[in-house]
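Every number for a ligand or one of its atoms is a count from 1 in the order of the listing. What you see is a predicted model; the values in this text were computed from it and never measured.
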Amino acid sequence: MKIFLLGMMGSGKSYWKQHLAKMLKTGGYDLDFIIEAQEEKTISEIFKEDGEEYFRETEAKLLRLFGVKKIFVLATGGGTPCFHNNMKWMNEQGITIWIDEPFKVLIERLLKEKSHRPLISHLDEEGINEFLTNKYKERKPYYSQATYHLIGEEINLNNFKKIINQHV
Ligand code: S3P
């Protein structure tokens with residue numbers, strides 16, 4: 001089973017990836033970390049030195065490496081589903097789960113850990129709110145194509161288990 005976790009920055013994709021991979025006794029991966037390892041640069045450095053377009057090309061290319069892997073949980077980046085037909089590709093490969101936390105939760109988390117996120121590192125609370133509002137609107141058509149959608153309170157282990165049980 002191939003599980004792709006999607007959602008806005010700060011939605012907990014990495015947290016749930018770790019949890020689910022452990023539960024399934026399988027590999028858990030973070031696309032951002034894979035990009036950083038391949039490029040030998042941080043995400044911020046790639047954005048700054050090579051630009052977002054290069055980042056998105058690299059992201060799409062490294063995502064495709066998961067075509068040959070059979071079982072895994074992958075935490076994608078917030079923008080991954082929205083470029084280079086990635087959403088369509090992930091849906092052809094396995095199941096996609098959209099983790100949809102309310103802005104209040106996202107802002108709280110992002111304020112604490114915005115430094116390594118180049119798109120928001122320069123923003124204050126109001127700026128992050130505005131960024132999220134715009135991005136959410138822009139990304140919703142892609143995220144909405146996910147096989148499963150967990151919103152707010154629905155984001156819990158029980159619901160992840162229910163989803164996974166439908167595929168084993
Ligand atoms: C991005 C989200 C980040 C990372 C990059 C761009 C985005 O991943 O891929 O900074 O466009 O929303 P996380 O969602 O894991 O923070």
Could you tell me the residue and atom name of the protein heavy atom closest to [atom], and the distance to it rounded to 0.1 Å?
| atom | result |
| --- | --- |
| atom 8 (O) of ligand 1 | Asp32 OD2, 2.8 Å |
| atom 1 (C) of ligand 1 | Met9 CE, 3.9 Å |
| atom 14 (O) of ligand 1 | Lys13 NZ, 2.7 Å |

Provide the number and element of each atom of ligand 1 under 4.0 Å from a heavy atom of Gly79.
->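 In order of number, 7 (C), 11 (O), 12 (O).
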| Per-atom contacts of ligand 1 with Leu119, taking only distances under 4.0 Å to non-hydrogen atoms |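 Ligand 1 atoms under the 4.0 Å threshold to Leu119: 6 (C), 7 (C), 11 (O).
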If you measure from CD1 on Ile163 to CD on Gln166, what distance do you get to the nearest 0.5 Å?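 It comes to 7.0 Å.
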_For atom 5 (C) of ligand 1, the option (of Leu5, Leu6, Leu110, Ile43) bearing the nearest heavy atom_ =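 Shortest heavy-atom distance from atom 5 (C) of ligand 1: Ile43.
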TODO: Mind checking ring-ring contact (aromatic ring centres under 6.0 Å, His included) for Tyr54 and listing every partner two or more places apart, or none if nothing turns up?
DONE: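 Residues passing ring-ring contact (aromatic ring centres under 6.0 Å, His included) with Tyr54: none at all.
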Inset, instruction - Could you establish whether Lys135 and ligand 1 come within less than 4.0 Å of each other, counting only heavy atoms on the residue side? - result: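 The answer is no: ligand 1 sits nowhere under 4.0 Å from a heavy atom of Lys135.
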Using heavy atoms and a 4.0 Å limit, tell me yes or no: is Arg56 in contact with ligand 1?
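Within the 4.0 Å threshold, so yes.
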*Between Phe131 and His122, is the ring centre distance below 6.0 Å?*
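Centroid separation for Phe131 and His122: 6.0 Å or greater.
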(Q) Please confirm whether the ring centroid of Phe4 lies under 6.0 Å from the ring centroid of Phe66. (A)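 Phe4 vs Phe66: aromatic centres not under 6.0 Å.
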Backbone, side chain, both or neither: what part of Leu31 comes under 4.0 angstrom of ligand 1, heavy atoms only?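 Neither; nothing of Leu31 gets under 4.0 Å from ligand 1.
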**Item:** Arg139 and ligand 1 - part of the residue with a heavy-atom distance under 4.0 Å
**Value:**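 Side chain only; the backbone of Arg139 stays clear of ligand 1.
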Would you tell me whether Thr147 and Thr96 have side-chain atoms, one donor and one acceptor, within less than 3.5 Å of each other?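 Indeed, the side chains of Thr147 and Thr96 share at least one donor-acceptor pair under 3.5 Å.
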- Query: Looking only at N/O atoms, are Gly78 and ligand 1 under 3.5 Å apart anywhere?
  - Reply: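 Min N/O separation from ligand 1 is below 3.5 Å for Gly78.
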Notebook entry, point to check: Any N or O of Arg117 that comes nearer than 3.5 Å to an N or O of ligand 1?
Noted result: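 The answer is yes, given that Arg117 and ligand 1 share an N or O pair closer than 3.5 Å.
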More than 12 heavy atoms from other groups under 6.0 Å of CD on Glu154: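 Buried by this count: over 12 neighbours within 6.0 Å.
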Classify the angle between the aromatic ring planes of Trp16 and His19 as parallel (below 30°), tilted (30 to 60°) or perpendicular (above 60°).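 The rings of Trp16 and His19 stand perpendicular, inter-plane angle above 60°.
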Item to complete: Please step through salt bridge (Lys or Arg N to Asp or Glu O under 4.0 Å) for the pair Glu59 and Arg56, ending with a clear verdict.
Response: CA-CA 5 Å; Glu59 177 178 58; Arg56 296 303 174 192; 3.0 Å; yes
